[in-house]
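We count ligands from 1, going down the list as the structure has it; atoms in each ligand are counted the same way. Everything numeric in this text was worked out from a predicted model, so none of it was measured.
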Amino acid sequence: MGNIRMDKYLADMGLGTRSEVKKLLKKGCVCVNGETEKKPERKVDPKKDQVTVDGVSVSYEEYEYYMLNKPQGVVSATEDRMQKTVLDCVDSKKRKDLFPVGRLDKDTEGLLLITNDGDLAHKLLAPGKHVDKVYFVRLAKPLEEDKVQLLENGVDIGEKALTLPAKIEICQEDRMACRITIREGKFHQIKRMFLAADNEVVFLKRLSMGTLELDETLVPGQYRVLTEEEIERLKTNAQ
Ligand code: URA
């Protein structure tokens, strides 16, 4: 990461728009290494220079990584004029270039990674990467053994090819709930797979994506920052 203009540094770290942070600078609220700095074009080294705003230290982070337990009723988009988006759920976000890594349907709950790290998103999402995604599914009818076999081997959901092999674990004695692991991410994939197996998804929740597992202490709508370890594992395993 090279040197960055002062106004970009402050705007990226959520202190306001470029014109708002220019006002902060003009007012003398910003110090670099203990000296008041008023020039928006001043270049700072995020690794070495100490930046404070009204005496509070502001360190620069190039990337943000959040895990959201997506609630139902929220759309997986960066903005929407009518509906609440997954980004609206993350109050403490600083950067304006955050996006959800993949989409969950409006009525799907569970793990959603929100970041501005485009390289990582690409590694997790690009077709051919085949990152495992695990979902918990409640069904309208019991899932019989022949349908488990069918879904695991691959079903016709109207795409060019059958779905890739999947793994199913039945979760309840009445066979009305299961965990399914898939390695693709086609539009409405899980719902379409169960429709192709003569059943219907009535509740869907994503539990994991690659090495990243939903933190079950997060109730739907809550989020947290990823740990360093979670970020490293994602980066090294999603190659
Ligand atoms: N499959 C679906 O059908 N919906 C989702 O939200 C995710 C996977």
- Message: Does ligand 1 come near enough to His188 that some N or O of the ligand is less than 3.5 Å from an N or O of the residue?
- Response: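 By distance alone, the answer is yes.
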
- Message: So, regarding Tyr135 and ligand 1 (criterion: nitrogen or oxygen to nitrogen or oxygen, under 3.5 Å), is there a contact or not?
- Response: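 N/O-N/O distance under 3.5 Å: no.
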
- Query: Quick check: does any side chain N or O of Ser76 sit under 3.5 Å from a backbone N or O of Leu104, one acting as donor and the other as acceptor?
  - Reply: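 At least one qualifying donor-acceptor pair exists.
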
Is any side-chain N of the basic residue among [X] and [Y] closer than 4.0 Å to the acidic one's carboxylate O?
X	Y	result
Lys191	Asp107	yes
Asp88	Lys84	no
Arg192	Glu159	yes
Glu41	Lys8	no

- Task: Please state which part of Leu204 comes within less than 4.0 Å of ligand 1, counting heavy atoms only: side chain, backbone, both or neither.
- Result: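 Only the side chain of Leu204 comes within reach of ligand 1.
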
- Item | Structural part of Asp105 in contact with ligand 1, heavy atom criterion under 4.0 angstrom |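 Looking at Asp105 and ligand 1, atoms from backbone and side chain both fall under 4.0 Å.
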
Side-chain donor-acceptor pairs of residues 46-56 under 3.5 Å, sequence neighbours excluded:
unit_1	atom_1	unit_2	atom_2	d
Asp49	OD1	Asn33	ND2	3.0
Asp49	OD2	Asp45	N	2.7

- So the atoms of ligand 1 within less than 4.0 Å of a heavy atom of Gln189 turn out to be 1 (N), 2 (C), 3 (O)

- Message: So if I count the atoms of ligand 1 from 1 in the order they appear, which ones are less than 4.0 Å from some heavy atom of Thr108?
- Response: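 That gives atoms 4 (N), 5 (C), 6 (O) of ligand 1.
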
- Query: Among protein heavy atoms, which lies nearest atom 1 (N) of ligand 1, and at what distance?
  - Reply: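 Answer, as residue, atom name and distance: Ile190 N, 3.1 Å.
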
